[in-house]
Protein chains: 2
Amino acid sequence: MPYPAPFRPFGVPETNDPDVQDDPKIELENDDLWKTFHKIGTEMVITKTGRRIFPAYKAKISGLDKKSKYILLLDIVPCDDCRYKFHNGKWMVAGKADPEMPKRMYIHPDSPCTGEQWMQKPVSFHKLKLTNNISDKSGAAILNSMHKYQPRIHLVRASDLLRMAYSPNKTFVFEETQFIAVTAYQNEKITQLKIDHNPFAKGFRENGGGRGKK
Amino acid sequence: MPYPAPFRPFGVPETNDPDVQDDPKIELENDDLWKTFHKIGTEMVITKTGRRIFPAYKAKISGLDKKSKYILLLDIVPCDDCRYKFHNGKWMVAGKADPEMPKRMYIHPDSPCTGEQWMQKPVSFHKLKLTNNISDKSGAAILNSMHKYQPRIHLVRASDLLRMAYSPNKTFVFEETQFIAVTAYQNEKITQLKIDHNPFAKGFRENGGGRGKK
DNA sequence: ATCTTTCCCACCTAGGTGTGAACC
DNA sequence: ATGGTTCACACCTAGGTGGGAAAG
């Protein structure tokens, strides 16, 4: 696994509440859609003001202790040390990566909250945005265009953000959510998948009364 | 490639520290507008699914300790023991009040958060909704139609919702925010003020290209 | 030349308004 | 009859889409 877990794992004796039993699991709610994109090579647009990721990152969580409190986080880290280009219909390595900005943690806005509530319904990170603006103050993830990234989810058993760094935790990585950041789509198959599935792009669907595709 | 450290160590302010010096003050950001409504007799529509209050409740906070954490709450309590009716262009007492539902506290979604952040910019409760649906599960305030109410703000110095009950606090009441709950506007002067000032009602403005007022 | 980025736009989703007729 | 409540609706605000021209 190329993405080392950054935190202390669950199951380590906990001085605060040694009785808590949990074995957290996470799966993607919309795994099929992610895999459809992944097969072709997912691209995510980044802009100055920030653009959402699509498909949305939706997690189904299980195995938590109902009464304990958990914090859920997402970050996006580089997959490798390469810069890419899209050439002759394929993504190819095109040199060494540009310097990365320090990565931010996106705290799920419901955090902290009880295991029972986290497990109740799928958790969505749809408000997360991506940007190439290194001066961004809005909380968007700052990425380099034409670089490949991997989103990760971190689950922490802690009642308080202040105690997060010393609490049991587990990291979840889904390879089908890897993507290449772009300022404009390169692969028109990806463009078409976005148009087909993102409700906000309905205006570009052929059968949606939109203006079609040129 | 080294992944960035996921957690910066937080500074750990201790909010129960007896040394903390604060003298909280709150004023309404949009006091003029509230007073314009108050002079005529503010009405707020309540519906089954919940309706926002307008004007929005915007508070400017000062005098907090920058590093301590505070929780901000709003509740809406009956002004008196009366039921009202609108008769001959005036609000008049029309009997004894109906039984009230237990009142909920609306926790400002940013809570808890540092004094510095609360004071940084005016705090808005614009997402708060009013309803007459006693089965409401959405978090709206449940009120009786044709009764008079007073919103109140509560400021609590506490880092954690669980400690709220034992923490220093202060309540702020602005009489110009009193209103009578209605299912349909009674005073057409209030209707007109809402149309004139609420951007969502722009379609009803005479000079807005809307369909006018019949 | 070629490749990447920026900007404005028409077109959507999502949801907050009072209206006026219908309902109770 | 009277007066309060509900509902679908046209009309807005607010903001998320990719396109395509222009700029870098």
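Naming convention: chains lettered A, B, ... in sequence-line order (proteins, then strands); numbering from 1 in each chain. Side chains included, hydrogens not; waters and symmetry mates left out as well; all remaining heavy atoms used.
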Can you list, pair by pair, the side-chain donor-acceptor contacts under 3.5 Å of residues 45-61 of chain A, counting residues two or more places apart and other chains?
residue, atom, partner, partner atom, Å
Thr47(A), OG1, Gly50(A), N, 3.0
Arg52(A), NE, His126(A), O, 3.3

Subject >> Contacts of type ring pair (Phe, Tyr, Trp, His ring centres under 6.0 Å), residue Phe37(B), not counting sequence neighbours >> reply: none
**OP:** In whole angstrom, give the distance that lies between atom CD1 of Ile180(A) and atom P of dT5(C).
**Re:** 13 Å
**OP:** Can you tell me the distance, in whole Å, between the CD atom of Glu206(A) and the P atom of dC12(C)?
**Re:** 14 Å
**OP:** Measure from NZ on Lys129(B) to P on dG15(C) and round the result to the nearest Å.
**Re:** 8 Å
Original post:
Backbone N or O of Pro24(A) within a donor-acceptor pair of the Asp22(A) side chain at under 3.5 Å?
Top reply: no
Subject >> Partner residues of His147(B) under the ring pair (Phe, Tyr, Trp, His ring centres under 6.0 Å) criterion, sequence neighbours left out >> reply: none
Original post:
Backbone N or O of Asp32(A) within a donor-acceptor pair of the Thr36(A) side chain at under 3.5 Å?
Top reply: yes
Subject >> Proximity to the side chain of Gln186(B) - top-ranked nucleotide from dG18(C), dG16(D), dG4(D) >> reply: dG4(D)
Original post:
With sequence neighbours left out, what residues match Lys25(A) under salt bridge (Lys or Arg N to Asp or Glu O under 4.0 Å)?
Top reply: Asp23(A)
Original post:
Once you round it to whole Å, what is the distance between P of dG18(D) and CG of Leu130(A)?
Top reply: 12 Å
Original post:
In whole Å, what is the span from the CD atom of Gln192(B) to the C1' atom of dG18(C)?
Top reply: 11 Å
Original post:
Using a cut-off of 4.0 Å on non-hydrogen atoms, how would the nucleic acid contact of Phe54(A) be classed: base, sugar-phosphate, or nothing?
Top reply: nothing
Subject >> Contacts of type salt bridge (Lys or Arg N to Asp or Glu O under 4.0 Å), residue Asp196(A), not counting sequence neighbours >> reply: none
Original post:
Going by heavy atoms closer than 4.0 Å, what residues in residues 31-53 of chain A are next to DNA chain D?
Top reply: Arg51(A), Arg52(A)
Original post:
If you check every side-chain atom of Thr191(A), which of dG18(C), dT13(D), dG18(D) has the closest atom?
Top reply: dG18(D)
**OP:** With sequence neighbours excluded, tell me which residues meet side-chain contact (heavy atoms from CB on, under 4.5 Å) with Lys189(A).
**Re:** Ile40(A), Asn187(A)
**OP:** Measure the distance from NE2 on His197(A) to C1' on dT13(C) and round it to the nearest whole Å.
**Re:** 17 Å
Original post:
Which part of the nucleic acid, if any, lies within reach of Lys127(A) when heavy atoms closer than 4.0 Å are counted: base, sugar-phosphate only, or nothing?
Top reply: nothing
Original post:
Rounded to the nearest Å, what distance is computed from the CG atom of residue Leu193(B) to the C1' atom of nucleotide dG18(C)?
Top reply: 14 Å
**OP:** Please lay out, stage by stage, how Gln117(B) and Thr114(B) fare under the test side-chain hydrogen bond (donor to acceptor under 3.5 Å, both in side chains).
**Re:** CA-CA 5 Å; Gln117(B) 286 174 291; Thr114(B) 63; 3.1 Å; yes
**OP:** Using atom CG of Asn198(A) as one end and atom C1' of dG16(D) as the other, report the distance to the nearest whole Å.
**Re:** 7 Å
Original post:
Tell me the side chain to side chain donor-acceptor pair (under 3.5 Å) pairs involving residues 73-87 of chain B, sequence neighbours left out?
Top reply: Asp75(B)-Arg152(B), Asp75(B)-His154(B), Asp80(B)-Tyr84(B), Asp81(B)-Lys96(B), Arg83(B)-Asp98(B)
**OP:** Could I get the full list of salt bridge (Lys or Arg N to Asp or Glu O under 4.0 Å) partners for Lys39(A), not counting sequence neighbours?
**Re:** none
**OP:** Could you tell me which residues satisfy side-chain hydrogen bond (donor to acceptor under 3.5 Å, both in side chains) with Asp136(A), sequence neighbours excluded, listed by chain and number?
**Re:** Arg104(A), Ser138(A)
**OP:** Report the residue (Tyr185(A) or Ala184(B)) whose heavy-atom-nearest nucleotide on DNA chain D is the more 5′ of the two.
**Re:** Ala184(B)
Original post:
Any side-chain N or O of Lys202(A) less than 4.0 Å from the OP1 or OP2 oxygen of dT13(C)?
Top reply: yes
Original post:
Phe200(B) has a side chain; which of dC12(C), dG15(C), dG18(C) sits nearest to it?
Top reply: dG15(C)
Original post:
Of the nucleotides dT13(D), dT4(C), dG4(D), which has the atom closest to the Met146(A) side chain?
Top reply: dT4(C)
**OP:** Could you identify which residues of residues 74-93 of chain B place a heavy atom less than 4.0 Å from some atom of DNA chain C, listed by residue number, or say none?
**Re:** none
Subject >> Of residues 132-145 of chain B, the positions that come close to DNA chain D - non-hydrogen atoms, cut-off under 4.0 Å >> reply: Asn132(B), Ser145(B)
